[in-house]
Amino acid sequence: MQEVFDRPDPAPGRGEVLVRVLVAGVNPLDHVLRSGPVPGLDGGRPFPRVLGMEAAGVVLALGEGVDGIEVGDAVFGFALTGGGTYAETTVLSAAHTARIPEGLSAVVAATLPVAGTTAVDALDQLDLPAGAAVLVNGVGGGVGLSVARLAAGRGLRVIGTGSAAKREQAEALGVRFLDYTAEDVVAATRALVPDGVDGVVDLVGGSSLRAVAPLARDPRTVISVGDASVSDLGGRFVERRIDRANLERSAQLALDGVLEPVITAVHPLADAPIALAAVESGHASGKVVIEVG
Ligand SMILES: NC(=O)c1ccc[n+]([C@@H]2O[C@H](COP(=O)([O-])OP(=O)(O)OC[C@H]3O[C@@H](n4cnc5c(N)ncnc54)[C@H](OP(=O)(O)O)[C@@H]3O)[C@@H](O)[C@H]2O)c1
């Protein structure tokens, strides 16, 4: 059961900031955590619990040992200790929180901690030169469209897979779009790049990852963001950097228009279950957010 309920403001612990949430990002990890413990993440907390890993908001109070953030700052970052961001107030980890620069909206900032920095990290890890061909498997979702935008900005040739509803948004970013529900995307990619692609960023995993991984000329250039078994194929799981410096960098890229999250749905807090269901379907378009403040 999912419902809106009252709770006291969480107290910021050491290294945490209490934030009045303006916007919370919705991510696949939220429903995964709802379903039970995730190794290394705070999934085993008792219910009722508040979902949500990322938010943009205004700092209300500082815990002990917080540097570089003041009460009243507009910030965005990660809730790592289970406070949950689908809420009016939450606690963010100060080391994983940054100021929102002037000119960047809270809606965009709220999408950067998870999807934005993941897109940056995956492409940094690939480190492909301009002109190289990259396949983005699952291009229509929150991470996929950000990867596509960033990759285009780096001068890469982007091929992306998704279902028909994702075609328009992907093509608007210059992606050569392949509809996996209507065509053999492996054969279609081979037709486009007969020698294989220079890199794969996989957002789908499972049998879909296994089908597209051999399209890479070098298996080490297959980066999966969601499926750690990519290492069985000779590829690599994305190396995440979720510190303040990487958040600041992502915000600057967003200000520069190079990292441009495609926000397709903004829901009020009361509709959080609808927002989560859209992502839980596994077929979300771009980023879904919850506007609280
Ligand atoms: N490691 C990390 O730190 C990290 C960070 C962020 C995300 N992730 C993980 O990365 C994955 C993607 O995240 P996200 O936020 O982008 O998810 P999302 O917004 O739900 O998008 C996933 C996309 O994949 C598409 N898709 C599903 N099956 C497909 C298939 N067989 N072929 C091609 N596309 C397919 C979906 O729509 P259509 O099928 O309609 O095209 C959807 O647009 C999730 O597993 C998430 O948990 C990990």
Side-chain angles (χ1 to χ4, degrees), residues 24-35 38-41 43 51-54 78 80 96 110-125 135-150 158-171 173 175 177-186 188-189 200-213 215 223-231 235-243 246-247 250 261-265 275-289:
V26 181
N27 292 287
L29 191 56
D30 300 347
H31 67 79
V32 174
L33 282 168
R34 184 195 61 202
S35 306
V38 175
L41 282 170
L51 300 178
M53 299 283 298
E54 65 182 348
F78 286 93
L80 294 178
H96 307 94
T111 69
L112 296 177
V114 178
T117 63
T118 301
V120 171
D121 289 345
L123 285 177
D124 280 358
Q125 208 171 332
L135 176 68
V136 183
N137 193 38
V139 75
V143 181
L145 286 172
S146 287
V147 171
R149 177 68 187 88
L150 267 177
V158 186
I159 302 166
T161 68
S163 69
K166 312 303 189 300
R167 177 180 294 278
E168 200 176 322
Q169 278 160 342
E171 288 183 344
L173 298 175
V175 173
F177 184 78
L178 302 175
D179 178 352
Y180 73 92
T181 67
E183 60 188 314
D184 177 343
V185 297
V186 174
T189 306
V200 173
V201 178
D202 166 67
L203 293 324
V204 182
S207 58
S208 174
L209 165 62
R210 269 154 237 288
V212 300
L215 288 166
I223 308 287
S224 184
V225 166
D227 188 343
S229 76
V230 66
S231 57
R236 292 172 290 165
F237 196 63
V238 66
E239 282 167 22
R240 297 286 284 116
R241 288 168 300 163
I242 61 170
D243 54 34
N246 210 26
L247 289 168
S250 300
V262 177
I263 296 157
T264 55
L276 185 62
V279 173
E280 192 166 9
S281 74
H283 300 285
S285 285
K287 283 297 305 178
V288 174
V289 301

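Both ligands and their constituent atoms are indexed starting at 1 by order of listing. Please read these numbers as outputs of a predicted model, since none were measured by experiment.
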Do you see a donor-acceptor pair shorter than 3.5 Å between the side chains of T117 and R240? yes
For the residue pair L135 and T189, establish whether any side-chain heavy-atom pair is separated by less than 4.5 Å. yes
Please work out which of A165, G142, A278, G140 has its closest non-hydrogen atom nearest to atom 18 (P) of ligand 1. G142
Any side-chain heavy-atom pair of L247 and F78 under 4.5 Å: yes
Residue L203 vicinity, atoms of ligand 1 by number, heavy atom under 4.0 Å: 11 (C), 12 (C)
Which atoms of ligand 1 sit under 4.0 Å from any heavy atom of G138? 24 (O), 33 (C), 34 (N)
Just which atoms of ligand 1 are under 4.0 Å from any heavy atom in V238? 1 (N)
Are any side-chain N or O atoms of E183 and backbone N or O atoms of L178, one a donor and one an acceptor, separated by less than 3.5 Å? no
Smallest heavy-atom separation, V175 atom then I159 atom, equals CG1-C, 4.0 Å
Please find the pair of heavy atoms, one from P261 and one from S146, that lie closest to each other, and give the distance. CA-OG, 4.1 Å
Using heavy atoms and a threshold below 4.0 Å, how should the contact between S163 and ligand 1 be classified: side chain, backbone, both, or neither? both
Nearest-contact summary for atom 5 (C) of ligand 1 - protein heavy atom, Å: T118 OG1, 3.1 Å
With a 4.0 Å heavy-atom cut-off (strictly under), which part of K166 contacts ligand 1: side chain, backbone, both or neither? side chain
If you draw a 6.0 Å radius around CD in E171, do more than 12 non-hydrogen atoms from other residues or ligands fall strictly inside? yes
At what distance is the nearest protein heavy atom to atom 27 (C) of ligand 1, and which residue and atom is it? G282 O, 3.5 Å
Options R240, M53, E54, Q169, ranked by nearest heavy atom to atom 2 (C) of ligand 1, top entry: R240
Close side-chain approach of V139 to V147, heavy-atom, < 4.5 Å: no
In the protein, what heavy atom is nearest to atom 16 (O) of ligand 1, and what distance, to one decimal place, separates them? V143 N, 2.9 Å
Pick, from G226, P113, G141, the option with the minimum heavy-atom distance to atom 23 (C) of ligand 1. G141
How far is atom 42 (C) of ligand 1 from its nearest protein heavy atom, and which residue and atom is that? A284 O, 3.4 Å
Contact check, side chains of V26 and E54, non-hydrogen atoms, under 4.5 Å: no
Does N27 reach the main-chain N or O of D30 with its side chain, forming a donor-acceptor pair under 3.5 Å? no
Of the choices D121, V225, L29, which has the non-hydrogen atom that lies closest to atom 10 (O) of ligand 1? V225
Please indicate whether any nitrogen or oxygen in H283 is less than 3.5 Å from any nitrogen or oxygen in ligand 1. yes
Contact atoms of ligand 1, heavy-atom distance to V114 under 4.0 Å: 5 (C), 6 (C)
Should you measure from each heavy atom of S208, which atoms of ligand 1 turn up under 4.0 Å away? 31 (N), 32 (N)
Distance-only, no hydrogens or angles: does the S231 side chain make a donor-acceptor pair with backbone N or O of R236 under 3.5 Å? no
What protein heavy atom is closest to atom 47 (O) of ligand 1, reported as residue, atom name and distance in Å? P28 CB, 3.6 Å
Heavy atom of T161, distance to ligand 1 below 4.0 Å: yes
Note the single closest protein heavy atom to atom 28 (N) of ligand 1, along with its residue, its atom name and the distance in Å. Y180 OH, 3.6 Å
Euclidean distance, S285 OG relative to I263 CD1, rounded to 0.5 Å: 13.5 Å
